[in-house]
Amino acid sequence: MNRTSGSAASICMKAVDGSAPWYRRGRKYIVIYRSVVMENIQYVVNIAMGFLSYFIINFVMINLWDYMYGTSGEAIAGYGKEQMIWYVMITEMIWFGARGATVARQVSTDIRNGNIVYMVNKPYYYPFYVMAKYTGEWSVQLPMYAGLAVVMGMAMVGRLPGFRAAALPAVILCVILGITINAGFKLCISLLSFWIEDAHPFQWLYDKLILVIGVIFPIEIFPEKLQPFFRLTPIYTVCYGPAKLVVDFSGEKCMEILCAQLLYVLAGGILIYLVYRKGVKKLYVNGG
Amino acid sequence: MLTAVKNQLWVCLLSVKYNIMREMTNRFTFVTNIVFMMLNNAAFIVQWVILFKMRGEIGGYTMREIMLLWGLTASSYGLSHILFARAFTLHELIVNGKLDAYLVLPKSVLLSVMTSASEASSIGDFLYGLVVMCLFCFSVGRLFLFLLFTVTGALIMTALALLAGSLSFWFVRSEMVGVHVVNTMISFSTYPDGIFHGTARFLLYFVIPVGMAVYWPVHVMVSFDLAMFLKVVGYTVFLMAAAVYVFYRGLKRYSSGNLMEARM
Amino acid sequence: MEAIRVQDLSKTFRVRQKEKGLKGSIRSVLHPRSEEIRAVDEVSFTVEEGEILAFIGPNGAGKSTTIKMLTGILYPDGGKLEVLGIDPTKRRKELAYQIGTVFGQKEQLWTHLTPYDNFRFFGAIYDIPEKETEARIKELGELFELGAFINTPVRGLSLGQRMRCEFAASLIHKPKVLFLDEPTIGLDPVVKETIRSLIKQMNRQLHTTIFLTSHDVGDIEKLCERIIIINAGSVVMDDSMEHLKDIHTSGMSLENMIVEIYKAEGRTVSV
């Protein structure tokens, strides 16, 4: 996998020299993105194998909520049964569709085995390179999971009451931003590998925070006192926001979530910039 | 015969000891792996606290039984990955022809392979299960049963992984099956069986053996039932025997070079 | 006494054919076509106890397949096979106690342990009582001059030191036959020289039979008394080193000679 993207990068190197204007220099990331997409299309079969896990998790969740709602079907935390299950299916779709080894494993490995030294000196900004590559990965996977989610939802849960197709573009934008924010945080954790040997345990904790609070439940289910706090965490922008818009859309809510996401993109970007700069500095001092 | 068994066990023990020593090369990493894995598992307590706020019992389980379920799953998974981690990545060894190294040793190929790696984080899983069990429903008898069922659970998971991994002896592209089978088992085994009906229930006992690995043991720990206890033990022996048989059948295929195309 | 006896040994692999491109992939799923490759074709030879034999040939000639059959990793489809009087296909484990293997580049040592701990582990694998293992470690430590680093974790050793430990580990159980597959690959000339003198020493002092494959002409020239060349699955030459040098008095180097023989591809070369 590395080799192909490596060659894509070297093509960019020839095409763009350092004095080119910014929009031409930015093109390299699109080329990286495109070559990863092409590459991943070949792994469609492997991606489809992951469907099984997605199916099982949703199957368990459907059974769980069926049981929890019982026969009365009273709303829980303001969600009807269909809404609740669709919410979980959407967040799980983001969870599975955005899975990718690049931000979590690849970066740590690059740093630990010293490959980073060669990448720092390439004419691209390493964090952008990683993000472009990662985006190439999920843009093949996510639509496949989305298709599966729709088929499974329609077959096993039924139509979502009050769903508005017109809201879809806004929802998709939210999903994309959410995944990017998530990737940013995961990248930041991976960059910790500059200082510690194994950053994976920190990834697990971050993942579980997102999973337990944002993926398997909507935030409204938690005690009211905790909710304002959760709204400040990345959970709100990564998975709760997009899924909430699918099951219960309102223009006001959409604006609120988009604003929060933009703030997070900005903050995440600055954080990556600072951590990466510090890491590279350490690299030059200690020689890897 | 007896000394042969003793020697074999001694070698396995040494292997596991050296594996753990390897994981301990960096103390900080070793400890964070264990502690964070325990925290990672503990995060799910939140899920059940929330769910039990809505209903007093779920699928016939109260918080105590759910924690027992979780604890047993974690400890079984942990134990199997401390002792037999390689069983879970068997396909990789088969497809890349890496069993050669074990075939020139005068010991059981299967045991040498299985015990050739350990996962530090699974020590966290194992300990987490024990802690949960002791915090939520401790009694001496139950602890004893818990440890015993951890062993049967670990063996069932390992046998399942071996069966799935051995598929690679026949079908090179079956690599992902093993991972998914074990993941599926874990997904089911952390939810009460009472929420599943019909076909799903059938699957949980006859296709993915979650029932024998976790549900029955929890039942026995809550109220002792000798017949069920024996059934768990019997099933474990049966599944392990089946896994060993299939592995050695596959190994014959490996030795006859039918997998060479994958390596050339 | 014969250490190895091979008669009409054969091994055929079935290799699936795949056409290029997506269409080809789909076609090969629907109508799999396979081709048989005779990797080893009626090979016969014997090796005497205490001999150092070079078993060489170009890549893909069938060397590894033959070694794998001799050590019980692969089963032959035809012919007879005996190592130390044992049929490796039937009594693999029993044979394992009496042979040793060193595969260059494939490490068998645990890198986080010291050589000493590694040797103790191998001692346990071969069911050697602890006292005996200790004595053996001392003996091998002296022979291979491991004293200075026997208590340093293997990952901290230089490649040469590491190879010396690899050899020592594979000798812990006093094997009668040692299979060496490219033992000097990737080593610098000095270390190569050390390894070669070790092999010679092993052979002389412990009377170990040595079955060696290598692409390194130096290994062959400096170590072996006899040379078997295999090409396209068949033995194309089996002769003593001395004899070989005698006939080629034309000043042709061994390297060039081997190249000529490889080029003759499969045809029996009369020397």
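Hydrogens, waters and symmetry mates play no part in the numbers below; they use all other heavy atoms, side chains included. Just so it is clear, the structure is predicted and the values come from calculations on it, not from any experiment. In what follows, chains are A, B, ... by sequence order, proteins preceding strands, each numbered from 1.
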B/Trp10 and C/Glu130 have their tightest heavy-atom pair at CZ2-OE2, 4.4 Å

As an exercise, state the distance from NZ of B/Lys252 to OG1 of C/Thr89, rounded to the nearest 0.5 Å.
11.5 Å

Checking heavy atoms, do the side chain of C/Leu113, its backbone, both or neither come under 4.5 Å from chain B?
side chain

Check each of B/Leu105, B/Val109, B/Val104 against C/Arg92 using the side-chain contact (heavy atoms from CB on, under 4.5 Å) test, and report the only one that passes.
B/Val109

Rounded to the nearest 0.5 Å, what separates atom OH in C/Tyr75 from atom CZ in B/Arg253?
13.5 Å

If you define the side chain from C-beta out and look only at heavy atoms, does anything of C/Ile73 sit under 4.5 Å from B/Ser255?
no

Closest contact, heavy atoms only, C/Lys68 versus B/Asp100:
CE-OD2, 2.9 Å

B/Lys17 bridged to C/Asp117 by N-O distance under 4.0 Å:
no

Any chance you could measure C/His112, atom NE2, to B/Met24, atom CE, to the nearest 0.5 Å?
10.5 Å

Atom CZ of C/Phe122 and atom CG of B/Leu14: how far apart are they, to the nearest 0.5 Å?
11.5 Å

How far does CG of B/Leu103 sit from CG of C/Leu74, to the nearest 0.5 angstrom?
9.0 Å

C/Trp110 and B/Ser116, any side-chain heavy atoms less than 4.5 Å apart
no

Roughly how far, to the nearest 0.5 Å, is the CZ atom of C/Arg155 from the CZ atom of B/Arg22?
11.0 Å

